[in-house]
Amino acid sequence: KYRRLLRLLGLCALYCIILFLPYGQYYANDMVPMSGDGLSFIGDQIFVKQTLAETGEFPIWNKWLAAGVPFSQISPTLLFSFLPVKAMVYAIYIVPVALGALFAYLYFREIKCSVEAALSMSTVYLLSIHLGGFRKGHGYIILASAVLPVILYFVERYFTTQKLRWLIGSSVAMAAQFYLGSLQHTFYADCFLIAYLLAFGVHYRMKLGTMLRHGVAWGMTYAGLIAFRIIPMLEQNLAYADMGSARTDYDTFVSYSIHPIKLIEMVFPKFFWGDAHQAFGPRYSSEMDVEIFWGYMVFLLVIAGVAFCIRDFRVRFYLAAMGVVFLYCALGAFPAMAQVIYQIPYLGDFRCPARALYLFIFMAYTLPALGVAPLNDRPAVGR
């Protein structure tokens, strides 16, 4: 048991080193590898650190700040405030991503992927969050993406063991995503997890009474943990509604979706000319969330995963979920559907439907992890 823990700690440390190496020169020259949104994120962290140092207080409950807590989230500065500012900024940027990749590895192993497949695809996930693309420079989006594999690992452990404590653990991880990450990403993850729990609960033939009891415990735990943020957030939203500034306009909502043809460019980035990282239209529709890192090899491995494991329930579920997520991300190409979704409270307030694509990406990385198992003469996936 202790050897396994040491191996996992070593793997996490290795992931931290992998993440730091491309940016060592920036660290040495007092630079930060982030976009404008990322610099704003860093400014938030520095402000909180200075406040802690000067007053010894951390301003958590203030309805005049976004969502009732500083800058919409409880700052991760609390975890790394003992470090010098530069080291703190890089730790906030690197450590959560490394932990996300570690739990991606654990999740892949939990669904019976081989060690080689789990290591390979968790490393791909590590790099795809960290390298390239404007969304990778946004601290809160990085945090939300990194927590997703943590949540899924706890959920899958629950299905393996049938023990409620693992499901409660997923509620804690979901609450961490709610406080630390982008609210929009968290909402999409919550919707996906409800579908995930229902689908696999039925697939594993859990008793209806057990599903109901555990589902209520899971939901109530999550609701209780996020109440600290959601109550002032609702108060703030009511104030915005009174001022007439509660909703994103429809044109903005549609313009920050992606174009369906972008799926081709995700797989074959050189298929189109010009800058791949721009918003609007089929040529320029990936500034916010599209993952160009997908690449040829991952695409081929996805095909292999589908080809070898298409009879597996998990693969079919992922394919269906990926289709739904991609369709939602491409709302701008389907005006009738976009109008309906735009009228739904809160969904219409999210200005970037394409931010749901991070769910698509993680499922796309899971398929290759499942698909290479037969190549190694390992047992088929699933239980």
**Prompt:** Going through the distances and angles, do T221 and L167 end up as a side-chain contact (heavy atoms from CB on, under 4.5 Å)?
**Reply:** CA-CA 10 Å; T221 301; L167 190 60; over 6 Å; no
**Request:** Return yes if some donor-acceptor pair links the side-chain N/O of S120 with the main-chain N/O of A117 below 3.5 Å, else return no.
**Result:** no
**Complete:** Rounded to the nearest 0.5 Å, the CG atom of D312 sits from the OH atom of Y318 at a distance of 9.5 Å
**Item:** Check: Y90 main-chain N/O paired with Y27 side-chain donor or acceptor under 3.5 Å
**Value:** no
**Whether F200 and F159 hold their rings parallel, tilted or perpendicular, with breakpoints at 30° and 60°** = tilted
**Item:** Candidate pair L152 and T366, rule side-chain contact (heavy atoms from CB on, under 4.5 Å), full reasoning
**Value:** CA-CA 12 Å; L152 288 174; T366 304; over 6 Å; no
**Fill in**
Nearest heavy-atom contact between Y365 and P368 is O-CD, 3.2 Å
**Request:** Looking only at non-hydrogen atoms, find the nearest pair between I151 and A173 and report the distance.
**Result:** CG1-CB, 3.6 Å
**Request:** Give a yes or no on whether K163 atom NZ has more than 12 heavy-atom contacts from other residues, nucleotides or ligands under 6.0 Å away.
**Result:** no
**Prompt:** Rounded to the nearest 0.5 Å, how far does CH2 of W218 lie from CG of L197?
**Reply:** 5.0 Å
**Ring centres under 6.0 angstrom apart (Y105, Y125)** = no
**Request:** Examine H214 together with Y158 and report whether their ring centres are nearer than 6.0 Å.
**Result:** yes
**Asked** Just by modelled atom types, is the R355 backbone N or O under 3.5 Å from a matching donor or acceptor in the Q184 side chain?
**Response** no
**Least distance between heavy atoms, Q339 atom then Q343 atom** = O-CG, 3.1 Å
**Request:** Specify the closest pair of heavy atoms between Y250 and A338, including all atoms of both residues, with the distance to one decimal.
**Result:** OH-CB, 3.5 Å
**Request:** Could you tell me which non-hydrogen atom of A146 sits nearest to which non-hydrogen atom of V150, and how far apart they are?
**Result:** O-CG2, 3.9 Å
**Fill in**
Value for CG (L370) from CZ (R314), rounded to nearest 0.5 Å, stands at 7.0 Å
**Request:** Say whether L327 and V325 are linked into one hydrophobic cluster, either directly or through other cluster members, by side-chain heavy-atom distances under 4.5 angstrom.
**Result:** yes
**Fill in**
Given the options L193, L347, L148, Y188 meets side-chain contact (heavy atoms from CB on, under 4.5 Å) only with L347
**Message:** side-chain contact (heavy atoms from CB on, under 4.5 Å), that's the test. Do M121 and V124 meet it? Break it down for me.
**Reply:** CA-CA 5 Å; M121 297 317 301; V124 170; 4.1 Å; yes
**Message:** For the backbone of F253 and the side chain of S257, can you confirm whether one donor and one acceptor N or O come within less than 3.5 Å of each other?
**Reply:** no
**Request:** Indicate yes or no: at least one non-hydrogen side-chain atom of T160 is less than 4.5 angstrom from one of R157.
**Result:** yes
**Asked** Taking Y153 for the side chain and L102 for the main chain, is one N or O donor matched with an acceptor at less than 3.5 Å?
**Response** no
**Message:** Is there a path of hydrophobic side-chain contacts, each under 4.5 Å between heavy atoms of I/L/V/M/F/W/Y residues, joining L14 to L9?
**Reply:** no
**Same apolar cluster (I L V M F W Y, side chains within < 4.5 Å links), V324/L331** = no
**Prompt:** Is it true that I226 and M220 fall in one hydrophobic cluster, defined by side-chain heavy atoms closer than 4.5 Å?
**Reply:** no
**Request:** Can you measure from CH2 (W166) to OG (S171) and round to the nearest 0.5 angstrom?
**Result:** 14.0 Å
**Prompt:** Mind checking whether I194 and I344 sit in one hydrophobic cluster, side chains of I, L, V, M, F, W, Y counted as touching below 4.5 Å?
**Reply:** yes
**Asked** Taking the side chain as C-beta and beyond, is there a heavy-atom pair between Y15 and I94 under 4.5 Å?
**Response** no
**Atom CE of M337 with >12 non-hydrogen neighbours under 6.0 angstrom** = yes
**Request:** First locate atom OH of Y256, then atom CZ of R351, and finally report the distance between them rounded to the nearest 0.5 Å.
**Result:** 5.5 Å
**Request:** Assess whether side-chain contact (heavy atoms from CB on, under 4.5 Å) is satisfied between V147 and T186, documenting all intermediate values.
**Result:** CA-CA 10 Å; V147 175; T186 301; over 6 Å; no
**Flag for E156-Y196: side-chain donor and acceptor within less than 3.5 Å** = yes
**Request:** Could you label the plane-to-plane angle of the Y107 and F362 rings as parallel, tilted or perpendicular, counting under 30° as parallel and over 60° as perpendicular?
**Result:** tilted
**Request:** Examine distances only and state if a side-chain atom of S170 and a backbone atom of F154 form a donor-acceptor pair shorter than 3.5 Å.
**Result:** no
**Request:** Work out which heavy atom in L126 is nearest to a heavy atom in A98; give both atom names and the distance.
**Result:** CD1-CA, 3.9 Å
**Item:** Nearest-0.5 Å distance, SG of residue C191 to OH of residue Y328
**Value:** 9.0 Å
